[in-house]
Visitor: 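Quick one: structure below, then a few questions.
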Amino acid sequence: MKRSFSLTGFGLKRLAVASMVIDHIGSFLLGAMLIPYKVGGTLVVDQSSPVALWQIMKAQELCDMLGRAAFPLFCFLMVEGFLHTRDRVGYGLRMGLFALISEIPYDLVQFHTPFSLRLQNVMFTLTVGIYTLLAIRWAEERWREVPTLRWAAVTALTVAGMALALLVRGEYVFLGVLAAVLLYLLRDKGYLRAAGLAPLLVVSPWVLLAVPPILLYNGERGRGSKWFFYVFYPVHFLVFAALAAWISGGI
């Protein structure tokens, strides 16, 4: 039976971007509004706290909930991009390049400094995921007729990719790489493919908000510019950094 409604790849990407923006409104803008309520960097909340504080906190909770769909959707789209691109190595290089470009804007809004090694932006995690899948693809082709060796190699390469992600320290670290590998391995399993997102439940149960859109995915690319997100990602960090600074300075 034909679906009455479905989503293209670009449709999923628009939802992912919207979810990401909502998440960052909560983290950075509403976070800046909480500064007056902090004592020594710690938020002080009790029964005598003003109504405004409770409203900001509730809004943050909502943003965090709705924002949890972003990474699962981007992870799914990365795997889809890997499966359909003609140049997988170039795909990884492009993602890695924009990960580097985005790092200063990310650090500015996240840590209020142009350079920090505490945590890197999520494009680093996606880049590690792409090259992990590239290695797994090679192993699948190399030992196509030897299932035992093939699965041993896939397992070892998955662990290696997770270790690299932990070393790089991009957002979602090794959980993001593991989810990408599972989404790739379940690529022919229909609706069961969404089970590949299971590792991300460790972060938040609200990642399940990404499942319905993924189940509505029709396998088509859709219309839109592939460069939009690459450019939007670092630029939106700069905008949020400026807005957060304005909010905290004007309070």
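Residue numbers count from 1 along this sequence.
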Visitor: Would you say Met65 and Ile22 make side-chain contact, with heavy atoms under 4.5 Å?
Guide: no
Visitor: When you look at Val211 and Tyr191, which way does the side chain to side chain contact (heavy atoms under 4.5 Å, CB included) test go after all the steps?
Guide: CA-CA 9 Å; Val211 173; Tyr191 289 153; over 6 Å; no
Visitor: List the atom of Asn218, the atom of Ser6, and the distance in Å for their closest heavy-atom pair.
Guide: ND2-OG, 3.1 Å
Visitor: If you define the side chain from C-beta out and look only at heavy atoms, does anything of Phe240 sit under 4.5 Å from Val21?
Guide: yes
Visitor: Check for a donor-acceptor pair, side chain of Glu171 on one end and backbone N or O of Asn121 on the other, with a separation under 3.5 Å.
Guide: no
Visitor: For Tyr91, which residues count as a ring pair (Phe, Tyr, Trp, His ring centres under 6.0 Å) partner, sequence neighbours excluded?
Guide: none
Visitor: Restricting to non-hydrogen atoms, name the atom on Ala194 and the atom on Leu215 that form the minimum distance, rounded to 0.1 Å.
Guide: CB-CD2, 4.3 Å
Visitor: Using the side chain to side chain donor-acceptor pair (under 3.5 Å) rule, collect all pairs that involve residues 17-32, keeping only residues at least two apart or in two chains.
Guide: His24-His236
Visitor: Go through the steps to decide whether Phe74 and Met20 satisfy the test side chain to side chain contact (heavy atoms under 4.5 Å, CB included), and finish with yes or no.
Guide: CA-CA 10 Å; Phe74 282 128; Met20 179 184 70; 4.2 Å; yes
Visitor: Check whether any side-chain N or O of Tyr37 sits under 3.5 Å from a backbone N or O of Ala52 as a donor-acceptor pair, and report yes or no.
Guide: no
Visitor: Looking at side-chain heavy atoms only, is the closest gap between Trp206 and Leu66 below 4.5 Å?
Guide: no
Visitor: Kindly write out the residues that satisfy ring pair (Phe, Tyr, Trp, His ring centres under 6.0 Å) with Phe124, not counting sequence neighbours, or none if the list is empty.
Guide: none
Visitor: Looking at side-chain heavy atoms only, is the closest gap between Leu164 and Val177 below 4.5 Å?
Guide: no
Visitor: Check whether any side-chain N or O of Thr85 sits under 3.5 Å from a backbone N or O of Arg88 as a donor-acceptor pair, and report yes or no.
Guide: no
Visitor: Side chains of Val45 and Leu53: does their closest heavy-atom pair fall under 4.5 Å?
Guide: yes
Visitor: For residues 118-135, which residue pairs qualify under salt bridge (charged side-chain N to carboxylate O under 4.0 Å, His left out), counting only residues two or more places apart or in two chains?
Guide: none
Visitor: Looking only at heavy atoms, which two atoms of Ile214 and Phe76 are closest? And how far apart?
Guide: CG2-CE1, 3.6 Å
Visitor: Side-chain contact test, heavy atoms from C-beta onward, threshold under 4.5 Å: evaluate it for Leu108 versus Phe237 and give yes or no.
Guide: no
Visitor: Give the minimum heavy-atom separation between Cys63 and Leu30, together with the two atoms involved.
Guide: SG-CD1, 4.1 Å
Visitor: Could you report the tightest heavy-atom contact between Ala180 and Leu133, atom names first, then the distance?
Guide: O-CD2, 4.0 Å
Visitor: Does Ser248 use its side chain to pair, donor to acceptor, with the backbone of Ala245 at less than 3.5 Å?
Guide: yes
Visitor: For a 4.5 angstrom cut-off between non-hydrogen side-chain atoms, does Phe229 reach Leu77?
Guide: no
Visitor: Is there side-chain contact between Ile101 and Tyr230, with at least one heavy-atom pair below 4.5 Å?
Guide: no
Visitor: Please, which pairs that meet side chain to side chain donor-acceptor pair (under 3.5 Å) have at least one residue in residues 139-151, sequence neighbours excluded?
Guide: Glu140-Tyr184
Visitor: Looking only at heavy atoms, which two atoms of Leu200 and Ala179 are closest? And how far apart?
Guide: CG-CB, 4.0 Å
Visitor: Apply side chain to side chain contact (heavy atoms under 4.5 Å, CB included) to Phe82 and Leu134, showing your working.
Guide: CA-CA 8 Å; Phe82 176 85; Leu134 193 63; 4.1 Å; yes
Visitor: Show me the pairs that pass side chain to side chain donor-acceptor pair (under 3.5 Å) and involve residues 68-80, at least two apart or across chains.
Guide: Asp64-Arg68, Arg68-Tyr172, Glu80-Arg193, Glu80-Tyr217
